[in-house]
Structure formats: C-alpha cells, structure tokens
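I have placed the structure first, in the form of structure tokens, so that the comments after it can refer back to it.
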Amino acid sequence: MSTLHVEELDDRVVVTLRRPEARNAINAAMVGELHDVCASLEQRPRLLLITGDGGTFAAGADIGELRERGREQALQGINSRLFDRIARLPLPTVAAVDGYALGGGAELAYACDVRLASPAAVFGNPEPGLGILAAAGACWRLRELAGASVAKQVLLAGRRLDADDALRFGLVAEVVPAGELLKRAHALLDRMARSGPLALRLTKLVADGGGHPLTDDLAQAILFESDDKRVRMDAFLAGGRS
Ligand code: COA
C-alpha cells in the first residue's frame, strides 16, 4: 500500500494514514486502499484502529484532486461512500487523532465509532473557505456527535475544535498525551475484544439502525440462542469474572 501502513493482528487491524508530503491528505489512492481494508474487514470482521503518521491525522481531502473534480465526481460520493462503508463495518472502529483532522480527515474521524485525541488534536471543516461544502458526513454526523450548535459553529463559522473543546462537546472520549495515544486506543480495543463478537456486531447494527423495539428483540433472539452467551453466563455464574 502506498498511502497506508496496515498492521493485521488477530482481533484488529491498525491503519496508519501515511502521506507525509501532504499532511496525510486523502487522495484517490488512499480512498482505494481504505476500500481494500474495508473489504478485508467485511470478509473477516475485526476491530479497526485508524490513526495518522507524523503528528497529523489527515488534513482533508487532497485539494489538488478536489480542484479537478466536477459534478459527476461529486455525485459518485467518492469520500462519502468510503466513510459510510467505514461507519458500517461489522465491528467497532476507533480513531486516534493526533494533530489536524480537517475537512475529509475530520469526516473520517466522525465516521468511526469512538475517537481518542492527543492534546494537539484539532478538528475542523474549512470546506466553505474553499468554496465547497463538507459533503462526506460532517453536515449530519457532527450534528449527531456534538449537537447542532457546535456543528454549525464548525461548519458555518469555521470554528476549529481543539482537544479540550472536543472532549467537552463529547466528540472525543478522552484526551491522552500523544506518546500514549496508541497504547490507550489499544486498551480500549482490548476491552471491546473481550466482549462477545456477535454481541458487539449486533449491538453496533441496532445502535446505528435508528432504533426499533423489533430490531432489539430480533437481535437479542439471535444472541440468546448463541453458545457464546451460554459460555459467558456460565462462567459468570461459576464465579469467573472477566
Ligand atoms: N490537500 C493537498 N495537499 C495538502 C493538504 C490537502 N488537504 N493539506 C496540506 N497539504 C500539503 C501542502 O500543500 C503542503 O505541500 P507543499 O509542501 O508541497 O507546499 C504540505 O501538505 C504541508 O502543508 P503546510 O500547509 O505547509 O503545513 P502546515 O503545518 O503549515 O499546515 C494545515 C497544516 C493542515 C493547517 C494546512 O496544510 C492546511 O490548512 N491544509 C488544508 C486543510 C483544508 O482546507 N482541508 C479541507 C480540504 S477539503
């Protein structure tokens, strides 16, 4: 892979965005490689950790490429389809954000299930300054994550959220020193990995599904019949707490 470093572990995949010459800006090659990662995770579900190399998460979509795109490319939803695919991955995803997460970089982080930040993290959507809108999820995901007031400050007034802002507004789960960011992200993934994989998967589907009592009941019906549930509950009742 030319724009990503990908580490495949038994229960997780760690993806590091790596285009140092462009502050990890998301270009067509990176979009293609992230789709390859998604295909692999859809085939064999594992947790996903996304981070950026060199003290930057990602400085947006590649502006050189954006400049050349027209209506047809916009309608292809090049970034929005990728981020939707990431959001719909079977198992939880975590973004570890150090430095700038701007434009499409911020939208990539918004598409993950949980975000952790270093004190240097900065989230922002400066797209209107480039004469376009943040069309890969920011207009609705940021609103869901941080509320309409914060989202409109970011989207309409160019407000950048530093790590403290992001924590206060609930956009990130935690702020940890840059040197501990990955360790903390792995600890979070370790905690997730201790849960039943099917239970995690169905919980994510139900939680993202808009909510309906029927889907809750159907998902629970599947889980109630699983061997994993019986093994875990037997272990609890036998006194083996995890
Ligand atoms: N697309 C393409 N190239 C980008 C880029 C992007 N989104 N963001 C940064 N780069 C390139 C710069 O053009 C520069 O290239 P050069 O060395 O050939 O001149 C290189 O990355 C380093 O960027 P630079 O601006 O010098 O770094 P900085 O540390 O001073 O600033 C940022 C970092 C992220 C604040 C700044 O690069 C920036 O504002 N980027 C654009 C953010 C943006 O508008 N994103 C939304 C896109 S939709």
Side-chain angles (χ1 to χ4, degrees), residues 1-5 15-35 37 50-87 95-112 115-146 150-166 169 171-172 175 177-179 181:
M1 298 227 175
S2 67
T3 68
L4 306 179
H5 179 263
V15 169
T16 307
L17 311 176
R18 189 179 276 176
R19 285 190 73 217
E21 72 284 4
R23 297 286 188 272
N24 303 332
I26 301 167
N27 65 355
M30 190 182 284
V31 168
E33 291 177 2
L34 285 167
H35 273 298
V37 171
I50 303 183
T51 192
D53 194 32
T56 299
F57 185 72
D62 188 286
I63 296 170
E65 290 188 359
L66 277 184
R67 188 181 175 285
E68 303 309 315
R69 288 184 189 157
R71 183 175 51 200
E72 281 308 314
Q73 287 79 24
L75 290 173
Q76 286 167 20
I78 294 170
N79 286 353
S80 61
R81 279 164 176 252
L82 170 66
F83 299 161
D84 281 347
R85 192 173 183 184
I86 289 171
V97 177
D98 182 25
Y100 289 109
L102 298 178
E107 291 175 305
L108 172 57
Y110 304 157
C112 291
R115 284 148 296 283
L116 301 182
S118 79
V122 178
F123 296 87
N125 284 99
E127 284 89 339
L130 294 166
I132 58 173
L133 71 92
C139 287
W140 53 277
R141 281 205 179 98
L142 183 57
R143 183 191 179 106
E144 285 178 359
L145 293 169
V150 171
K152 288 192 174 176
Q153 292 172 54
V154 172
L155 293 164
L156 302 179
R159 177 167 177 187
R160 288 182 174 184
L161 305 179
D162 65 19
D164 287 342
D165 293 334
F169 300 141
L171 183 59
V172 303
V175 177
L181 188 58

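Counting convention: from 1, in listed order, for ligands and their atoms alike. Both backbone and side-chain heavy atoms feed into the values below; hydrogens, waters and symmetry mates do not.
Taking only nitrogen or oxygen atoms, main chain and side chain alike, R23 reaches within less than 3.5 Å of ligand 1. Looking at ligand 1, you'll find an N or O of A59 within less than 3.5 Å of one of its N or O atoms.
Within a 6.0 Å radius of CZ in R143, no more than 12 heavy atoms belonging to other residues, nucleotides or ligands are found.
Among all protein heavy atoms, the one lying closest to atom 44 (O) of ligand 1 is P126 CG, 3.5 Å. Among all protein heavy atoms, the one lying closest to atom 10 (N) of ligand 1 is A22 O, 3.8 Å. Scanning all protein heavy atoms for the shortest distance to atom 15 (O) of ligand 1 gives E21 O, 3.9 Å.
For atom 12 (C) of ligand 1, the nearest protein heavy atom lies 4.0 Å or farther away. There is a protein heavy atom closer than 4.0 angstrom to atom 7 (N) of ligand 1. Within the 4.0 angstrom cut-off, atom 28 (P) of ligand 1 has one or more protein heavy-atom neighbours. Protein heavy atoms are absent from the 4.0 Å sphere centred on atom 19 (O) of ligand 1. When distances from atom 36 (C) of ligand 1 to the protein are checked, no heavy atom turns up under 4.0 Å.
The shortest heavy-atom contact between A109 and F123 is CB-CE2, 4.1 Å. Between S118 and L181, the shortest heavy-atom contact is N-CD1, 4.0 Å. In terms of heavy-atom proximity, A101 sits nearest to A106 at O-CB, 3.2 Å. When every heavy atom of A121 is checked against every heavy atom of V97, the shortest pair comes out as CB-O, 3.6 Å. Closest heavy-atom contact between G52 and T16: C-CG2, 3.9 Å. Heavy atoms only, all atoms of each residue included: E107 and A138 are closest at OE2-N, 3.0 Å.
The shell of residues lying under 4.0 angstrom from ligand 1, judged by heavy atoms, includes L66. Under the 4.0 angstrom criterion for non-hydrogen atoms, E65 is not in contact with ligand 1. Residue contacts with ligand 1 leave out G104, since none of its heavy atoms falls under 4.0 Å from the ligand.
When the options N24, L102, L108 are evaluated for a side-chain contact (heavy atoms from CB on, under 4.5 Å) with F57, the one that passes is L108.
Each of the following atoms of ligand 1 lies closer than 4.0 Å to a heavy atom of E127: 48 (S). Near L102, meaning under 4.0 Å from one of its heavy atoms, ligand 1 places the atoms 34 (C), 42 (C). Counting atoms of ligand 1 from 1 in the listed order, those under 4.0 Å from a heavy atom of L130 are 44 (O), 47 (C).
Using a 4.0 Å cut-off between charged side-chain N and carboxylate O, R67 and E65 make no salt bridge.
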R160 vs Y100, test: side-chain contact (heavy atoms from CB on, under 4.5 Å). Steps then yes/no. CA-CA 10 Å; R160 288 182 174 184; Y100 289 109; 3.7 Å; yes
Determine, step by step, whether Y110 and L171 satisfy the side-chain contact (heavy atoms from CB on, under 4.5 Å) criterion, reporting the C-alpha distance in whole Å, the side-chain angles of both residues, the deciding distance to 0.1 Å, and the verdict. CA-CA 8 Å; Y110 304 157; L171 183 59; 4.0 Å; yes
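Heavy-atom proximity to atom 2 (C) of ligand 1, evaluated over N24, I63, N79, L133, is greatest for I63.
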